[in-house]
Amino acid sequence: KGVWETAGEINATKERINSDFLMQSAALDETLKRAKKNLEAMSKPMWKNAVGEQKMVVKTRVKQQMSQLQQEYEAAKNQLASENLNSIASVISDTQRIFHQLGVPTFHVTKNKR
């Protein structure tokens, strides 16, 4: 197999990883939106039936649950991003190994030091 065919396969893999990430990310966004709507829908009758102090208790609980949903969403989103970066780093590493075997010079990816 030639360098260009290999490069094409590697690029296709990278594109697939990115596409999967975007789909999973969108699914997470949609899940959060649905969960928030469900929580609001469930809390409305509770709030209507609450009297005096109970209304504040319901409101506080809903706020806490919304905050928890947001935190879980952000944790899941970070985990997804981390997995995506690890997958792409793996592709880069494989690329360098394959190109090295083919005798093509490669570069090393380093972090910017700012």
Side-chain angles (χ1 to χ4, degrees):
K1 217 186 302 186
V3 171
W4 294 113
E5 290 88 359
T6 303
E9 289 172 8
I10 290 164
N11 198 43
T13 301
K14 186 181 63 95
E15 291 298 322
R16 191 187 75 251
I17 290 168
N18 202 38
S19 176
D20 289 350
F21 168 72
L22 292 174
M23 283 192 317
Q24 290 174 327
S25 184
L28 267 178
D29 295 347
E30 195 54 41
T31 300
L32 175 68
K33 202 162 41 171
R34 266 198 316 275
K36 283 184 172 182
K37 273 186 183 171
N38 290 343
L39 183 58
E40 285 173 8
M42 283 179 5
S43 66
K44 278 183 183 167
M46 288 168 41
W47 193 81
K48 269 186 178 175
N49 295 330
V51 181
E53 291 284 314
Q54 290 176 332
K55 283 192 184 291
M56 285 306 294
V57 170
V58 169
K59 196 173 184 178
T60 301
R61 282 193 188 145
V62 169
K63 265 187 175 176
Q64 288 170 339
Q65 288 177 325
M66 285 286 189
S67 176
Q68 185 179 346
L69 277 175
Q70 188 67 37
Q71 288 172 355
E72 289 171 4
Y73 162 81
E74 287 169 11
K77 199 86 162 179
N78 288 339
Q79 176 68 30
L80 187 60
S82 176
E83 289 169 5
N84 186 55
L85 288 175
N86 287 339
S87 295
I88 289 174
S90 176
V91 169
I92 290 171
S93 175
D94 289 349
T95 303
Q96 289 178 331
R97 182 180 45 75
I98 291 166
F99 280 7
H100 180 73
Q101 289 170 351
L102 293 170
V104 178
T106 59
F107 59 91
H108 290 283
V109 178
T110 57
K111 289 184 179 178
N112 282 343
K113 292 177 184 158
R114 291 182 185 174

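- Smallest separation of non-hydrogen atoms from K55 and K48: NZ-O, 3.9 Å.
- Panel note: side chain S93, backbone A89; no donor-acceptor pair is recorded below 3.5 Å.
- When hydrophobic clusters are built by joining Ile, Leu, Val, Met, Phe, Trp and Tyr residues whose side-chain heavy atoms come closer than 4.5 Å, directly or via intermediates, L22 is grouped together with L32.
- The cluster map of Ile, Leu, Val, Met, Phe, Trp and Tyr, joined by side-chain heavy atoms under 4.5 Å apart, puts W47 and V62 in the same cluster.
- To the nearest 0.5 Å, the span separating OH on Y73 from CG on L80 amounts to 10.0 Å.
- Residue E15 places its CD atom among more than 12 non-hydrogen atoms of other residues, nucleotides or ligands, all under 6.0 Å distant.
- The hydrophobic clustering, which links ILVMFWY residues whose side-chain heavy atoms are closer than 4.5 Å, places L28 and L39 together.
- S67 contributes no side-chain N or O that, together with a main-chain N or O of K63, makes up a donor-acceptor pair within less than 3.5 Å.
- No hydrogens or angles considered: nothing links the side chains of Q64 and Q68 as a donor-acceptor pair under 3.5 Å.
- When all heavy atoms are compared, the tightest approach of V58 to M46 is CG2-O, 4.1 Å.
- E30 has a carboxylate O that lies under 4.0 Å from a charged side-chain N of K33, or vice versa, which qualifies the two as a salt bridge.
- Here the side chain of Q54 pairs a donor or acceptor atom with the backbone of V51 at under 3.5 angstrom.
- Looking at every heavy atom in both residues, K77 comes nearest to D29 through NZ-OD1, 2.7 Å.
- The backbone N or O of V91 sits less than 3.5 Å from a side-chain atom of T95, completing a donor-acceptor pair.
- Distance check: I88 CD1 to N18 CG gives 5.5 Å after rounding to the nearest 0.5 Å.
- Atoms OG and CG, on S25 and D20 in that order, are 12.0 Å from each other to the nearest 0.5 Å.
- If you take CZ on R16 and OG1 on T13, they are separated by 5.0 Å, rounding to the nearest 0.5 Å.
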